[in-house]
Amino acid sequence: MDTNTVVQAAQIIGPHAFAWLGAGLAVGLGTLGSGVGIGIIFGKSIESAARQPEAAGLINRMMYTGFALVEAQALYALLITFLLLAKK
Amino acid sequence: MGEHHIIVHVPIQLFGINLSITNVVVMLFVAAGLTFLFLVSAARALRPTGEGRFSNLVEVMLEFVKENVSDAFLGHHATQWFPFVATVFFFILFGNLIGLIPVPGYFHAATGNLNVTAAMAILVFIIVQGVAIKSQGLKFYLHVLFPKSAPAVLRYTLMPPIELIGIIARPFSLAIRLFANMMAGHQIIIVLLTGELIGVTYLLHQGIFLKILAPAPLVGAIVMNAFEIFVAFIQAFIFALLTALYLGEALEGSH
(Lines give C-alpha, C1' and ligand atoms only; values in the text may rest on other atoms or scores of the structure.)
Protein backbone atom coordinates (compact mmCIF):
# COMPACT_ATOMS: atom_id res chain seq x y z
CA MET A 1 0.00 0.00 0.00
CA ASP A 2 1.90 3.04 -1.21
CA THR A 3 0.84 6.65 -1.16
CA ASN A 4 -0.52 6.47 -4.72
CA THR A 5 -3.05 3.83 -3.76
CA VAL A 6 -4.09 5.77 -0.70
CA VAL A 7 -4.55 8.95 -2.72
CA GLN A 8 -6.60 7.13 -5.34
CA ALA A 9 -8.79 5.55 -2.67
CA ALA A 10 -9.33 8.95 -1.07
CA GLN A 11 -10.32 10.43 -4.41
CA ILE A 12 -12.84 7.67 -4.97
CA ILE A 13 -14.45 8.10 -1.56
CA GLY A 14 -14.84 11.81 -1.83
CA PRO A 15 -13.48 15.12 -0.64
CA HIS A 16 -13.76 14.33 3.06
CA ALA A 17 -12.34 10.82 2.92
CA PHE A 18 -9.77 11.35 5.62
CA ALA A 19 -12.33 12.98 7.88
CA TRP A 20 -14.42 9.82 7.75
CA LEU A 21 -11.37 7.66 8.31
CA GLY A 22 -10.36 9.79 11.24
CA ALA A 23 -13.87 9.59 12.67
CA GLY A 24 -13.73 5.82 12.73
CA LEU A 25 -10.24 5.76 14.18
CA ALA A 26 -11.06 8.36 16.83
CA VAL A 27 -13.84 6.50 18.54
CA GLY A 28 -12.16 3.14 18.04
CA LEU A 29 -8.93 4.13 19.71
CA GLY A 30 -10.68 6.29 22.27
CA THR A 31 -12.72 3.51 23.77
CA LEU A 32 -9.61 1.38 24.29
CA GLY A 33 -8.36 3.37 27.23
CA SER A 34 -11.83 3.76 28.65
CA GLY A 35 -12.41 0.02 28.48
CA VAL A 36 -9.19 -0.71 30.35
CA GLY A 37 -10.04 1.93 32.94
CA ILE A 38 -13.54 0.66 33.58
CA GLY A 39 -12.26 -2.89 33.86
CA ILE A 40 -9.71 -1.88 36.45
CA ILE A 41 -12.21 0.21 38.42
CA PHE A 42 -14.86 -2.46 38.63
CA GLY A 43 -12.38 -5.26 39.22
CA LYS A 44 -10.77 -3.48 42.14
CA SER A 45 -14.15 -2.46 43.55
CA ILE A 46 -15.45 -6.01 43.50
CA GLU A 47 -12.23 -7.26 45.03
CA SER A 48 -12.28 -4.77 47.87
CA ALA A 49 -15.99 -5.31 48.48
CA ALA A 50 -15.32 -9.02 48.77
CA ARG A 51 -12.57 -8.30 51.26
CA GLN A 52 -14.69 -6.08 53.46
CA PRO A 53 -18.41 -6.47 52.84
CA GLU A 54 -19.45 -3.84 55.36
CA ALA A 55 -17.77 -1.14 53.24
CA ALA A 56 -19.74 -2.22 50.19
CA GLY A 57 -22.01 0.85 50.23
CA LEU A 58 -19.14 3.29 50.17
CA ILE A 59 -17.27 1.25 47.58
CA ASN A 60 -20.40 1.17 45.42
CA ARG A 61 -20.68 4.95 45.42
CA MET A 62 -17.02 5.48 44.65
CA MET A 63 -17.25 2.89 41.89
CA TYR A 64 -20.01 4.78 40.10
CA THR A 65 -18.17 8.06 40.54
CA GLY A 66 -15.05 6.60 38.98
CA PHE A 67 -17.06 4.97 36.21
CA ALA A 68 -18.61 8.26 35.13
CA LEU A 69 -15.28 10.05 35.07
CA VAL A 70 -13.62 7.32 33.00
CA GLU A 71 -16.58 6.97 30.63
CA ALA A 72 -16.28 10.68 29.90
CA GLN A 73 -12.89 10.10 28.31
CA ALA A 74 -14.33 7.78 25.70
CA LEU A 75 -17.07 10.30 25.07
CA TYR A 76 -14.55 13.05 24.38
CA ALA A 77 -13.35 10.85 21.51
CA LEU A 78 -16.94 10.30 20.40
CA LEU A 79 -17.41 14.07 20.32
CA ILE A 80 -14.51 14.38 17.88
CA THR A 81 -16.13 11.67 15.78
CA PHE A 82 -19.37 13.61 15.58
CA LEU A 83 -17.49 16.78 14.72
CA LEU A 84 -15.72 14.98 11.90
CA LEU A 85 -18.85 13.26 10.62
CA ALA A 86 -20.71 16.54 10.42
CA LYS A 87 -18.54 17.64 7.52
CA LYS A 88 -20.51 17.68 4.31
CA MET B 1 -24.84 16.42 15.78
CA GLY B 2 -27.16 18.62 13.83
CA GLU B 3 -30.16 16.42 14.51
CA HIS B 4 -32.07 19.01 16.49
CA HIS B 5 -33.08 22.02 14.48
CA ILE B 6 -33.50 25.23 16.39
CA ILE B 7 -37.11 26.34 16.05
CA VAL B 8 -37.63 29.93 17.09
CA HIS B 9 -40.98 30.40 18.77
CA VAL B 10 -40.81 33.99 19.98
CA PRO B 11 -38.06 36.14 18.47
CA ILE B 12 -36.66 38.61 20.98
CA GLN B 13 -33.72 40.83 20.22
CA LEU B 14 -32.27 42.79 23.10
CA PHE B 15 -29.38 45.20 22.49
CA GLY B 16 -28.25 43.13 19.55
CA ILE B 17 -28.16 39.88 21.51
CA ASN B 18 -30.45 37.17 20.29
CA LEU B 19 -32.60 36.21 23.26
CA SER B 20 -35.32 34.45 21.31
CA ILE B 21 -37.45 31.75 22.86
CA THR B 22 -36.40 28.69 20.91
CA ASN B 23 -37.41 25.10 21.48
CA VAL B 24 -34.27 24.56 23.57
CA VAL B 25 -35.25 27.50 25.80
CA VAL B 26 -38.71 25.99 26.22
CA MET B 27 -37.08 22.75 27.35
CA LEU B 28 -34.98 24.68 29.84
CA PHE B 29 -38.10 26.33 31.24
CA VAL B 30 -39.74 22.92 31.56
CA ALA B 31 -36.69 21.54 33.39
CA ALA B 32 -36.54 24.52 35.73
CA GLY B 33 -40.28 24.37 36.34
CA LEU B 34 -40.09 20.67 37.17
CA THR B 35 -37.22 21.29 39.57
CA PHE B 36 -39.16 24.04 41.28
CA LEU B 37 -42.36 22.01 41.55
CA PHE B 38 -40.52 18.91 42.73
CA LEU B 39 -38.66 20.60 45.53
CA VAL B 40 -41.26 23.12 46.64
CA SER B 41 -44.02 20.54 46.88
CA ALA B 42 -41.85 18.48 49.18
CA ALA B 43 -41.01 21.48 51.31
CA ARG B 44 -44.70 22.21 51.78
CA ALA B 45 -45.20 18.75 53.26
CA LEU B 46 -42.81 19.45 56.12
CA ARG B 47 -45.57 19.29 58.68
CA PRO B 48 -45.66 16.58 61.34
CA THR B 49 -48.73 14.97 59.84
CA GLY B 50 -48.05 15.79 56.23
CA GLU B 51 -45.78 12.95 55.21
CA GLY B 52 -46.71 11.31 51.96
CA ARG B 53 -44.97 8.99 49.56
CA PHE B 54 -43.95 11.76 47.24
CA SER B 55 -42.31 13.88 49.90
CA ASN B 56 -40.60 10.74 51.14
CA LEU B 57 -39.14 10.27 47.67
CA VAL B 58 -37.87 13.83 47.55
CA GLU B 59 -36.42 13.47 51.04
CA VAL B 60 -34.58 10.31 50.08
CA MET B 61 -33.04 12.00 47.06
CA LEU B 62 -32.09 15.11 49.01
CA GLU B 63 -30.60 12.95 51.74
CA PHE B 64 -28.56 11.09 49.15
CA VAL B 65 -27.23 14.34 47.71
CA LYS B 66 -26.50 15.77 51.14
CA GLU B 67 -24.68 12.73 52.43
CA ASN B 68 -22.64 11.78 49.43
CA VAL B 69 -21.96 15.09 47.78
CA SER B 70 -22.28 17.90 50.25
CA ASP B 71 -21.00 16.40 53.50
CA ALA B 72 -18.23 14.48 51.81
CA PHE B 73 -16.54 17.43 50.17
CA LEU B 74 -17.59 20.63 51.82
CA GLY B 75 -16.66 20.12 55.45
CA HIS B 76 -18.30 22.58 57.78
CA HIS B 77 -19.66 24.72 54.96
CA ALA B 78 -21.91 21.86 53.93
CA THR B 79 -25.22 23.31 55.11
CA GLN B 80 -24.35 26.68 53.64
CA TRP B 81 -23.69 25.42 50.14
CA PHE B 82 -26.02 22.43 50.08
CA PRO B 83 -28.95 24.32 48.46
CA PHE B 84 -26.77 25.33 45.54
CA VAL B 85 -25.39 21.84 45.02
CA ALA B 86 -28.83 20.27 45.33
CA THR B 87 -30.31 22.74 42.84
CA VAL B 88 -27.56 21.98 40.36
CA PHE B 89 -28.19 18.27 40.83
CA PHE B 90 -31.95 18.43 40.36
CA PHE B 91 -31.87 20.88 37.47
CA ILE B 92 -29.42 18.75 35.54
CA LEU B 93 -31.35 15.61 36.48
CA PHE B 94 -34.60 16.94 35.09
CA GLY B 95 -32.81 18.44 32.11
CA ASN B 96 -31.47 14.99 31.34
CA LEU B 97 -34.65 13.05 32.06
CA ILE B 98 -36.86 15.16 29.81
CA GLY B 99 -34.91 13.83 26.85
CA LEU B 100 -36.33 10.37 27.49
CA ILE B 101 -39.93 11.38 26.86
CA PRO B 102 -40.66 10.10 23.36
CA VAL B 103 -42.38 13.07 21.77
CA PRO B 104 -40.04 13.54 18.82
CA GLY B 105 -40.81 17.04 17.65
CA TYR B 106 -41.10 18.77 20.97
CA PHE B 107 -39.24 17.03 23.77
CA HIS B 108 -35.51 16.72 23.75
CA ALA B 109 -32.90 16.86 26.47
CA ALA B 110 -32.13 20.40 27.48
CA THR B 111 -28.64 19.32 28.45
CA GLY B 112 -28.04 17.70 25.08
CA ASN B 113 -26.96 21.07 23.83
CA LEU B 114 -23.41 22.27 24.29
CA ASN B 115 -24.58 25.83 24.90
CA VAL B 116 -26.60 24.79 27.94
CA THR B 117 -23.89 22.67 29.52
CA ALA B 118 -21.20 25.25 28.74
CA ALA B 119 -23.33 27.93 30.39
CA MET B 120 -23.67 25.84 33.54
CA ALA B 121 -19.97 24.95 33.56
CA ILE B 122 -18.96 28.59 33.16
CA LEU B 123 -21.36 29.55 35.93
CA VAL B 124 -19.82 26.99 38.27
CA PHE B 125 -16.33 28.16 37.29
CA ILE B 126 -17.08 31.80 38.01
CA ILE B 127 -18.76 30.95 41.31
CA VAL B 128 -15.85 28.78 42.43
CA GLN B 129 -13.26 31.42 41.56
CA GLY B 130 -15.33 34.10 43.26
CA VAL B 131 -15.75 32.02 46.41
CA ALA B 132 -12.03 31.22 46.43
CA ILE B 133 -11.02 34.85 46.18
CA LYS B 134 -13.58 35.88 48.77
CA SER B 135 -12.60 33.29 51.34
CA GLN B 136 -8.86 33.10 50.85
CA GLY B 137 -7.88 36.09 48.78
CA LEU B 138 -5.30 35.80 46.07
CA LYS B 139 -3.23 33.46 48.24
CA PHE B 140 -5.51 30.76 46.84
CA TYR B 141 -3.78 31.00 43.50
CA LEU B 142 -0.38 30.85 45.17
CA HIS B 143 -1.37 27.67 46.93
CA VAL B 144 -2.77 26.12 43.77
CA LEU B 145 -0.14 27.16 41.28
CA PHE B 146 2.81 26.53 43.54
CA PRO B 147 1.65 23.51 45.51
CA LYS B 148 3.50 22.72 48.69
CA SER B 149 3.15 19.03 48.10
CA ALA B 150 5.58 19.13 45.21
CA PRO B 151 9.36 19.08 45.68
CA ALA B 152 10.91 22.51 45.44
CA VAL B 153 12.58 21.68 42.15
CA LEU B 154 9.26 21.24 40.38
CA ARG B 155 7.19 23.63 42.41
CA TYR B 156 8.29 26.72 40.52
CA THR B 157 9.14 25.29 37.14
CA LEU B 158 6.83 22.54 36.01
CA MET B 159 3.83 22.63 38.33
CA PRO B 160 2.44 26.14 37.54
CA PRO B 161 1.67 25.45 33.86
CA ILE B 162 0.26 22.03 34.70
CA GLU B 163 -1.93 23.40 37.46
CA LEU B 164 -3.03 26.32 35.30
CA ILE B 165 -4.08 23.99 32.52
CA GLY B 166 -5.86 21.92 35.14
CA ILE B 167 -7.86 24.92 36.32
CA ILE B 168 -8.75 26.00 32.79
CA ALA B 169 -9.68 22.46 31.75
CA ARG B 170 -12.25 22.00 34.50
CA PRO B 171 -15.18 23.91 32.98
CA PHE B 172 -14.42 22.36 29.60
CA SER B 173 -14.50 18.88 31.01
CA LEU B 174 -17.68 19.55 32.98
CA ALA B 175 -19.46 20.90 29.92
CA ILE B 176 -18.25 18.28 27.46
CA ARG B 177 -18.78 15.33 29.82
CA LEU B 178 -22.44 16.17 30.36
CA PHE B 179 -23.10 17.16 26.76
CA ALA B 180 -21.36 14.16 25.21
CA ASN B 181 -23.04 11.68 27.56
CA MET B 182 -26.48 13.02 26.74
CA MET B 183 -25.92 13.44 23.03
CA ALA B 184 -24.22 10.10 22.51
CA GLY B 185 -27.04 8.17 24.12
CA HIS B 186 -29.69 9.87 22.05
CA GLN B 187 -27.69 9.49 18.86
CA ILE B 188 -27.34 5.77 19.44
CA ILE B 189 -31.08 5.43 19.94
CA ILE B 190 -31.77 7.48 16.81
CA VAL B 191 -29.34 5.40 14.75
CA LEU B 192 -30.80 2.15 16.07
CA LEU B 193 -34.31 3.20 15.17
CA THR B 194 -33.91 5.11 11.93
CA GLY B 195 -30.38 4.56 10.71
CA GLU B 196 -29.29 3.27 7.33
CA LEU B 197 -28.63 -0.46 7.08
CA ILE B 198 -29.36 -1.29 10.72
CA GLY B 199 -32.34 0.80 11.72
CA VAL B 200 -35.75 -0.64 12.48
CA THR B 201 -37.44 1.55 9.88
CA TYR B 202 -34.91 0.49 7.25
CA LEU B 203 -35.23 -3.21 8.01
CA LEU B 204 -39.01 -3.07 7.86
CA HIS B 205 -38.87 -1.85 4.26
CA GLN B 206 -36.72 -4.71 3.02
CA GLY B 207 -37.46 -8.32 2.09
CA ILE B 208 -38.86 -10.92 4.44
CA PHE B 209 -35.47 -12.12 5.73
CA LEU B 210 -34.51 -8.66 6.94
CA LYS B 211 -38.00 -7.96 8.25
CA ILE B 212 -37.59 -10.81 10.70
CA LEU B 213 -34.42 -9.19 12.00
CA ALA B 214 -36.25 -5.94 12.72
CA PRO B 215 -36.96 -6.60 16.43
CA ALA B 216 -33.22 -6.83 17.17
CA PRO B 217 -32.41 -3.11 16.89
CA LEU B 218 -35.71 -2.41 18.61
CA VAL B 219 -34.61 -4.42 21.63
CA GLY B 220 -31.30 -2.59 21.45
CA ALA B 221 -33.10 0.75 21.49
CA ILE B 222 -35.16 -0.31 24.52
CA VAL B 223 -32.04 -1.39 26.39
CA MET B 224 -30.29 1.86 25.46
CA ASN B 225 -33.27 3.81 26.79
CA ALA B 226 -32.98 2.01 30.11
CA PHE B 227 -29.26 2.72 30.17
CA GLU B 228 -30.00 6.36 29.41
CA ILE B 229 -32.06 6.66 32.59
CA PHE B 230 -29.10 5.34 34.54
CA VAL B 231 -26.73 7.71 32.74
CA ALA B 232 -29.04 10.67 33.43
CA PHE B 233 -28.84 10.07 37.17
CA ILE B 234 -25.13 9.39 37.17
CA GLN B 235 -24.22 12.46 35.12
CA ALA B 236 -26.29 14.74 37.33
CA PHE B 237 -24.60 13.20 40.36
CA ILE B 238 -21.13 13.61 38.85
CA PHE B 239 -21.72 17.25 37.93
CA ALA B 240 -22.96 18.03 41.44
CA LEU B 241 -20.10 16.07 42.97
CA LEU B 242 -17.46 17.91 40.99
CA THR B 243 -19.11 21.23 41.79
CA ALA B 244 -18.98 20.39 45.49
CA LEU B 245 -15.38 19.21 45.13
CA TYR B 246 -14.23 22.44 43.51
CA LEU B 247 -16.17 24.48 46.05
CA GLY B 248 -14.59 22.51 48.88
CA GLU B 249 -11.16 23.21 47.47
CA ALA B 250 -11.95 26.88 47.13
CA LEU B 251 -13.30 27.16 50.65
CA GLU B 252 -10.69 25.22 52.52
CA GLY B 253 -7.55 25.57 50.50
CA SER B 254 -6.03 22.86 48.39
CA HIS B 255 -2.94 20.67 48.54
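What you see below is based on every heavy atom in this structure, not just the backbone, and it leaves out hydrogens, waters and symmetry mates. In the text below, chain A, chain B and the rest are named by the order of the sequence lines, each starting its count at 1.
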- In terms of heavy-atom pairs under 4.5 Å, which option from B:I234, B:L178, B:N68 contacts chain A the most? B:N68

- Task: Please state whether the rings of A:F67 and A:Y64 are parallel, tilted or perpendicular, taking 30° and 60° as the class boundaries.
- Result: perpendicular

- So B:F90 and B:F38, would you call those rings parallel, tilted or perpendicular, with 30° and 60° as cut-offs? tilted

Using heavy-atom distances under 4.5 Å, tell me whether [X] contacts chain A through its side chain, its backbone, both, or neither.
X: B:L241; value: side chain
X: B:L114; value: neither
X: B:F172; value: neither

- I would like to know whether B:V231 and B:M182 meet side-chain contact (heavy atoms from CB on, under 4.5 Å); could you show each step before the answer? CA-CA 8 Å; B:V231 168; B:M182 284 300 114; 4.0 Å; yes

- Message: Just checking B:F239 against B:F91, ring centres under 6.0 Å apart?
- Response: no

- Query: Under 6.0 Å between the ring centres of B:F73 and B:Y246?
  - Reply: no

- Message: B:R177 vs A:E71, test: side-chain contact (heavy atoms from CB on, under 4.5 Å). Steps then yes/no.
- Response: CA-CA 9 Å; B:R177 178 183 303 115; A:E71 183 86 2; over 6 Å; no

- Could you verify whether a donor N or O on one side chain and an acceptor N or O on the other, from A:N4 and A:D2, lie under 3.5 Å apart? no

- Message: Run the salt bridge (Lys or Arg N to Asp or Glu O under 4.0 Å) test on B:E249 and B:R170 for me, step by step, so that the C-alpha distance in whole Å, both residues' side-chain angles and the decisive distance to 0.1 Å come before the verdict.
- Response: CA-CA 13 Å; B:E249 272 186 9; B:R170 283 174 178 179; 3.2 Å; yes

- Note on the structure: Those residues of residues 80-89 of chain B that come under 4.5 Å of chain A on a heavy-atom basis, listed by number, are none

